[in-house]
There are 2 protein chains.
Amino acid sequence: MSKHEHNTDCCETPEVHKDLLKKVAETMPEETELYDLAELFKIFGDSTRIRILFVLFEAEVCVFDIAAALNMTQSAISHQLRILKQSRLIKGRREGKHIFYSLADDHVRSIIAEGREHIEED
Amino acid sequence: MSKHEHNTDCCETPEVHKDLLKKVAETMPEETELYDLAELFKIFGDSTRIRILFVLFEAEVCVFDIAAALNMTQSAISHQLRILKQSRLIKGRREGKHIFYSLADDHVRSIIAEGREHIEED
DNA sequence: CAAACATATGAACAAGTGCTCATATGATAA
DNA sequence: TTATCATATGAGCACTTGTTCATATGTTTG
């Protein structure tokens, strides 16, 4: 039995396809979960949003201060905060004129940590 | 000392800004790392690529079989495999006419697992 | 009330993305 | 070699995305 025996007849014997399709169908998440997963990672796929999250790692901050820390306009930051809030990665707390933003939970930290691990290996 | 005292003078006292800016500057990764991080998450931000990865969770598979499992064209899958390979999330091994793809390392699993955890909480 | 401040939002536009189609490359078999 | 199979790739197109600019909403202060 060769090392790759189960693969050598790929694209030829329909049984292999059936087995694979069955296994994949069993473990593949629902369509909606796949979509949600992609949507979630899309959020992390922009360096401005990642920078915002790194700011929020340090403190609960208002929009103006995030804009200052990242040297960007208030409008640009506000648009991104809305996206982050919609994905429930951050939350806002109003206090008078200000709205202070903070991380919604610790998943954000662990997801980014996992990403950094992949990047830093070489 | 009120619960949020360090925030109430946000946007007013320059000292607070300086402290925040300093703290942020210390912990914020380099520009290139931020860029790479965003690029990495961008890869996961597409449900076709996520589906491909779920197939590769199950077996080492050739392009044709991935296309069959996902009911997509060979060309579309091939384009995505190139992107996944460039990010070193998967690797290809040629065996005759076929090229078998598999996960490059276990980071892929843990990153996706972290993402699912965030989604499934409610 | 009006004025000032903090934040949010809609339109518009440039840049990027994923798929399709046609074609090219690479490997094997006749 | 030629034919065939497996995979890769370039161009084109519809669609999405992030920013800017102008403006709106909401809160506090005078």
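Sequence lines set the chain letters: A, B, ... in the order given, protein chains first and strands last, and positions in each chain run from 1. Source: prediction; values computed, not measured.
Here the nucleotide nearest the side chain of A/Thr73, chosen from D/dT20, C/dA27, C/dT20, is D/dT20. Of the candidates C/dG18, D/dT7, C/dC21, the closest approach to any side-chain atom of B/Gln80 belongs to C/dG18. Set against C/dA8, D/dT17, C/dG18, the side chain of A/Leu81 has C/dA8 as its closest nucleotide.
For the pair A/Tyr101 and C/dA8, the criterion of a side-chain N or O lying under 4.0 Å from OP1 or OP2 is met.
Contact annotation: side chain of B/His98 to base of C/dG26, donor-acceptor pair absent below 3.5 Å. For D/dC21, its base sits under 3.5 Å from the side chain of A/Ser75 at one donor and acceptor pair at least.
Mapping A/Gly45 and B/Lys85 onto DNA chain D via the closest heavy atom, the residue that lands nearer the 5' end is B/Lys85. For the pair B/Glu39 and A/Arg94, nearest-nucleotide mapping onto DNA chain C gives the more 5' position to A/Arg94. With DNA chain D read from its 5' end, the first of the two nearest nucleotides for A/Thr48 and A/Gln74 is the one closest to A/Thr48.
In this structure, the CD1 atom of B/Ile99 is 18 Å from the P atom of D/dC5, given to the nearest Å. Atom C1' of nucleotide C/dG16 and atom CG of B/Asp46 are separated by 13 Å, given to the nearest angstrom. In this entry the distance linking CZ of B/Phe64 with P of D/dC5 reads 11 Å, nearest Å. Between the CZ atom of A/Phe41 and the C1' atom of C/dT17 there is a distance of 19 Å, given to the nearest Å. Taking atom CG of B/Leu84 as the reference point, atom C1' of D/dA8 lies 15 Å away to the nearest angstrom.
Judged by a 6.0 Å distance limit and a 45° cone about the ring axis, B/Arg109 is positioned over the six-membered ring of B/Phe57.
With centres under 5.5 Å and a plane angle under 30°, the ring of A/His79 is stacked against the base of C/dT9.
Checked by atom type and distance alone, the side chain of B/Arg94 never pairs as donor or acceptor with a backbone atom of B/Ile99 at under 3.5 Å.
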